[in-house]
> 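Supplied in structure tokens, the structure appears directly below.
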Amino acid sequence: MPSMKAPKGTRDILPPETSAWQRVEKAFSSVAARFGYAEIRLPTFEHTELFQRGVGDTTDIVQKEMYTFLDKGGRSLSLRPEGTAGVVRAYVENGMPSLPTPVKLFYLITAFRYENVQKGRYREFHQFGAEAFGAAGPAIDAEMIGLLSVFFEEMGLKRTGLRINSIGCPVCRASYNDLLRDSLRPHLAEICGLCNDRFERNPLRILDCKEPKCRPFIEGAPAQLDHLCPDCAAHFEGMKGELDRLGIAYAVDRGIVRGLDYYTRTVFEFVSENVGTQGTICGGGRYDGLVEACGGPATPGIGFALGVERLLMELAAQGVVNPPLEPPTLFVAAVDDTSGQEARRICHQLRRAGVPAEADWNGRSLKAQMKAANRLGARYAVVIGSDETTTGRAKLKNMKDGTERDVALDRLAEEIR
RNA sequence: GUGGAAUUAGUUCAGUGGUUAGAGCGCCAGAUUGUGGAUCUGGAUGUCGCGGGUUCAAAUCCCGUAUUCCACCCCA
């Protein structure tokens with residue numbers, strides 16, 4: 001047992017699992033590009049202050065889950081706990097507000113949160129995300145959800161539930177918060193301690209509480225959705241209409257709040273029953289005040305983050321099979337050391353010609369080489385000996401049915417196509 | 001941060017105080033001389049998570065600790 005182990009909450013992703021990762025990464029990039037999103041790559045760590053402002057000082061993520069450290073120059077830096085803040089920073093820093101709108105970006109990142117580990121939750125985890133800046137209307141909200149819907153469809157995912165909600169803008173939220181407090185105030189003694197804290201700080205969060213004793217009051221409480229200002233209400237209706245026209249099914253869930261401070265109006269998530277209590281595969285929403293809060297011009301924005309580990313879990317749970325790694329097409333076996341040299345030369349030339357080929361690298365017996373070819377799933381094998389080296393011809397064996405046919409060695413690449 | 005369960009070969013697991021700790025799978029080699037898949041035979045590999053303690057004797061009992069899984073909280 002090795003004494004060096006991967007740190008808590010991290011894990012190694014090994015073959016053949018990596019092929020499943022490559023598959024989803026490729027599919028996501030492809031769908032995102034088709035929707036007009038361009039890839040952005042960003043630093044893994046940022047100034048701590050960015051997350052304090054961008055994610056929100058009051059969030060659990062910033063208060064207790066960040067990997068924060070001082071570098072040798074005394075700067076406070078943090079490993080990113082999510083992707084949006086960094087994208088917003090880069091958007092402002094690189095003058096992207098002057099680009100034609102909407103500016104649409106996507107990314108594949110790792111993120112870090114210091115939390116206790118459980119199913120579908122790691123300290124280092126992977127997200128696919130996208131952000132769209134500069135479009136204020138509901139059409140872009142639906143476009144983004146459409147992107148996810150197409151991605152899930154192409155991954156072969158069924159039964160992934162989309163839930164949507166609106167949490168309003170700063171204007172209607174202020175009056176709603178008063179309404180919410182009024183409704184809960186008589187019951188403060190009965191709801192949990194945490195919710196008492198939330199009552200002053202951010203009463204919206206109370207709606208997300210799972211405490212049984214809080215549930216009755218939550219269900220009786222007014223929902224933001226029913227108290228939107230006219231603009232926010234129109235936005236929500238507009239988005240629903242867009243989704244209807246795109247043929248995307250959704251459920252309105254008044255309980256969706258999202259954990260990050262920056263959200264306004266639209267919030268949504270894709271949920272599953274197969275990821276443990278962490279049912280959320282993907283969460284996102286609109287953040288119309290964030291760019292300005294990060295020092296840029298007032299710019300509407302919307303984005304989402306998709307948990308790759310959770311997506312993969314969901315794919316496995318729904319029985320979506322992962323196509324196997326491309327097997328070596330041709331195994332070049334050799335009967336002795338001398339022909340082994342020739343076999344390796346042929347193998348190299350096949351690879352140059354674009355043919356996946358394997359050979360023996362351990363000086364093993366012919367029998368062992370054939371065994372290896374079989375295990376690798378090679379479709380064909382040739383055996384190289386002194387006869388073959390002299391005549392330049394060999395028997396090409398089909399590993400599936402065991403049949404052989406005589407071929408010229410210098411035409412191997414063409415023969416197996 | 002809180003609670004529960006677990007940790008023995010590469011892997012899945014058996015072994016609950018008594019010699020040199022086992023099995024399946026996998027790996028390596030062989031079953032007459034240049035051919036895989038089946039079968040058979042043989043082989044290698046363990047600081048029994050780590051550190052203390054109890055005992056004549058600990059994988060086994062006790063304490064601590066780390067990690068994993070599950071749950072709370074929160075989120076991807």
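Convention: sequence-line order gives letters A, B, ...; per-chain numbering from 1.
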> Which base sits across from B:rG30 as a Watson-Crick or G-U pair, both distances under 3.5 Å?
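When the pairing criteria are applied, B:rC40 turns out to be the nucleotide that pairs with B:rG30.
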
> Do you know which of A:Glu131, A:Arg41, A:Glu39 makes side-chain hydrogen bond (donor to acceptor under 3.5 Å, both in side chains) with A:Tyr107?
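Only one option passes, and that is A:Glu131.
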
> Taking 4.0 angstrom as the limit, do A:Arg254 and A:Asp226 come out as a salt bridge?
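Counted as a salt bridge, because a side-chain N and a carboxylate O are separated by less than 4.0 Å.
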
> Between B:rA44 and B:rU60, how far is it from one C1' atom to the other, in whole Å?
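Rounded to whole Å, the distance is 27 Å.
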
> State plainly whether the residues A:Glu49 and A:Arg75 are in salt-bridge range, i.e. N to O under 4.0 Å.
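Salt bridge: no.
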
> P atom, B:rA23 versus B:rG15: distance in rounded Å?
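Taking atom P in both B:rA23 and B:rG15, they lie 15 Å apart.
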
> State which of B:rA29, B:rG36, B:rC70 makes the closest approach to the side chain of A:Ala368.
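The listed nucleotide nearest to A:Ala368's side chain is B:rA29.
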
> Base, sugar-phosphate or nothing for A:Asp336? Non-hydrogen atoms, less than 4.0 Å.
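Touches nothing.
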
> Quick one: A:Phe28 CZ to B:rA76 P, roughly how many Å, whole number?
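So the two atoms are 15 Å apart, to the nearest Å.
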
> How far does the C1' atom of B:rA31 sit from the matching atom of B:rC25, given to the nearest Å?
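Between the two C1' atoms, the distance is 22 Å.
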
> Without decimals, in angstroms, what is the distance between A:Asp360 CG and B:rG34 C1'?
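Result: 14 Å.
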
> When rounded to the nearest Å, what value does the distance between P atoms of B:rG64 and B:rG3 take?
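About 12 Å, rounded to a whole number of Å.
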
> Name the residue closer to the 5' end of RNA chain B, choosing between A:Gly283 and A:Val117 according to the nucleotide with the nearest heavy atom.
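This one resolves to A:Val117.
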
> Nearest whole angstrom, please: distance from the P of B:rG30 to the NZ of A:Lys367.
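Value for this atom pair: 8 Å.
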
> Would you classify A:Glu404 as touching base, sugar-phosphate or nothing, given that sugar-phosphate means primed atoms plus P, OP1 and OP2, and contacts are heavy atoms under 4.0 Å?
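Here A:Glu404 touches the bases of the nucleic acid.
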
> Using a 4.0 Å heavy-atom cut-off across all strands, classify A:Glu115 as base, sugar-phosphate, or nothing.
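Base contact - A:Glu115 has a heavy atom under 4.0 Å of at least one base atom.
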
> In whole angstroms, how far is the C1' atom of B:rC72 from the NZ atom of A:Lys119?
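Value for this atom pair: 17 Å.
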
> For A:Ser78 and A:Thr48, work out which heavy atoms get closest and say how close.
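Heavy atoms only, the tightest pair is OG-OG1, 2.8 Å.
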
> Any base atoms under 4.0 Å from A:Lys397, or only sugar-phosphate, or nothing? Heavy atoms, all strands.
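Touches a base.
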
> Within the 4.0 Å heavy-atom criterion, would you say A:Gly9 contacts the bases, only the backbone, or no part of the nucleic acid?
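Sugar-phosphate, no base atom in range.
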
> Please figure out whether A:Ala305 or A:Asp401 has its closest RNA chain B nucleotide nearer the 5' end.
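This one resolves to A:Asp401.
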
> For B:rA66 and B:rC28, measure between their P atoms and round to the nearest Å.
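One P to the other, the span is 39 Å.
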
> In whole Å, measure the gap between the P atoms of B:rU7 and B:rU12 for me.
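Roughly 12 Å separates the two P atoms.
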
> State the pairing partner of B:rU2; accept Watson-Crick or G-U wobble contacts with both distances under 3.5 Å, and report none otherwise.
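The answer is B:rA71, by the H-bond criterion.
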
> Assign A:Gly402 to base, sugar-phosphate, or nothing according to its heavy-atom contacts below 4.0 angstrom with the strands shown.
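Counting heavy atoms under 4.0 Å across all strands, the contact made by A:Gly402 includes a base.
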
> Once you apply a heavy-atom cut-off of 4.0 Å, does A:Glu388 come out as touching a base, just sugar-phosphate, or nothing?
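Base, at least one base atom sits under 4.0 Å.
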
> Checking base pairs now: Watson-Crick or wobble, both atom distances under 3.5 Å. What partners B:rU16?
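B:rU16 is unpaired by these criteria.
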
> Can you tell which of B:rC28, B:rG34, B:rG36 lies closest to the side chain of A:Lys371?
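Out of B:rC28, B:rG34, B:rG36, the nucleotide with an atom closest to A:Lys371's side chain is B:rG36.
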
> Can you tell me the distance, in whole Å, between the CD atom of A:Glu131 and the P atom of B:rA76?
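About 12 Å, once rounded to whole Å.
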
> Respond yes when some side-chain nitrogen or oxygen of A:Arg364 is under 4.0 Å from OP1 or OP2 of B:rU35, and no when none is.
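For B:rU35, neither OP1 nor OP2 has a side-chain N or O of A:Arg364 closer than 4.0 Å.
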
> Using Watson-Crick or G-U wobble geometry with both distances under 3.5 Å, which nucleotide pairs with B:rA59?
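Pairing partner, where one exists within any strand: none, as none qualifies.
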
> How close or far is atom P of B:rG37 from atom CE of A:Met370, stated in whole angstroms?
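Nearest whole value for this atom pair: 9 Å.
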
> Say we look at B:rC56 and B:rG10: how far apart would their C1' atoms be, to the nearest angstrom?
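B:rC56 and B:rG10 have their C1' atoms separated by 37 Å.
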
> Contact class for A:Tyr122 (heavy atom, under 4.0 Å): base, sugar-phosphate, or nothing?
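Base, at least one base atom sits under 4.0 Å.
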
> Could you give the NZ-to-C1' distance, from A:Lys5 to B:rG49, as a whole number of Å?
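In whole Å, B:rG49 C1' lies 5 Å from A:Lys5 NZ.
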
> Is a donor on one side and an acceptor on the other found under 3.5 Å between the side chain of A:Arg80 and the backbone of A:Pro43?
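Here the side-chain-to-backbone pair exists.
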
> From C-beta outward on A:Asn374, which listed nucleotide comes closest to its side chain: B:rA71, B:rG36, B:rG34?
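The answer is B:rG36.
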
> Find the partner of B:rC50: check Watson-Crick (N1-N3 plus N6-O4 or O6-N4) and G-U wobble (N1-O2, O6-N3) distances, both under 3.5 Å, and reply none if neither fits.
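When the pairing criteria are applied, B:rG64 turns out to be the nucleotide that pairs with B:rC50.
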
> Assign A:Ser365 to base, sugar-phosphate, or nothing according to its heavy-atom contacts below 4.0 angstrom with the strands shown.
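A:Ser365: backbone/sugar contact only, no base atoms under 4.0 Å.
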
> Can you see if the side chain of A:Arg121 gets near the phosphate of B:rC73 - specifically, an N or O under 4.0 Å from OP1 or OP2?
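It does not, given that no N or O in the side chain of A:Arg121 lies less than 4.0 Å from OP1 or OP2 of B:rC73.
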
> Would the base of B:rC73 count as contacting A:Gln118 through its side chain, where contact means a donor and an acceptor less than 3.5 Å apart?
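Per atom types, the contact qualifies.
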
> Whether A:Arg123 engages the ring of A:Tyr114 as a cation-pi pair (distance to the six-membered ring centre under 6.0 angstrom, angle to the ring normal within 45°) should be assessed.
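Relative to the ring axis of A:Tyr114, which defines the angle, A:Arg123 lies inside both limits.
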
> When rounded to the nearest Å, what value does the distance between P atoms of B:rU2 and B:rU19 take?
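Here B:rU2 and B:rU19 have their P atoms 41 Å from each other.
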
> Salt-bridged, A:Arg351 to A:Glu358, with N to O below 4.0 Å?
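Answer for the salt bridge query: yes.
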
> Atom CD of A:Glu124 and atom P of B:rA76: how far apart are they, to the nearest Å?
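Between P of B:rA76 and CD of A:Glu124: 17 Å.
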
> Relative to the ring of A:Phe133, is the ring of A:Tyr91 parallel (under 30°), tilted (30 to 60°) or perpendicular (over 60°)?
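Correct class here is parallel.
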
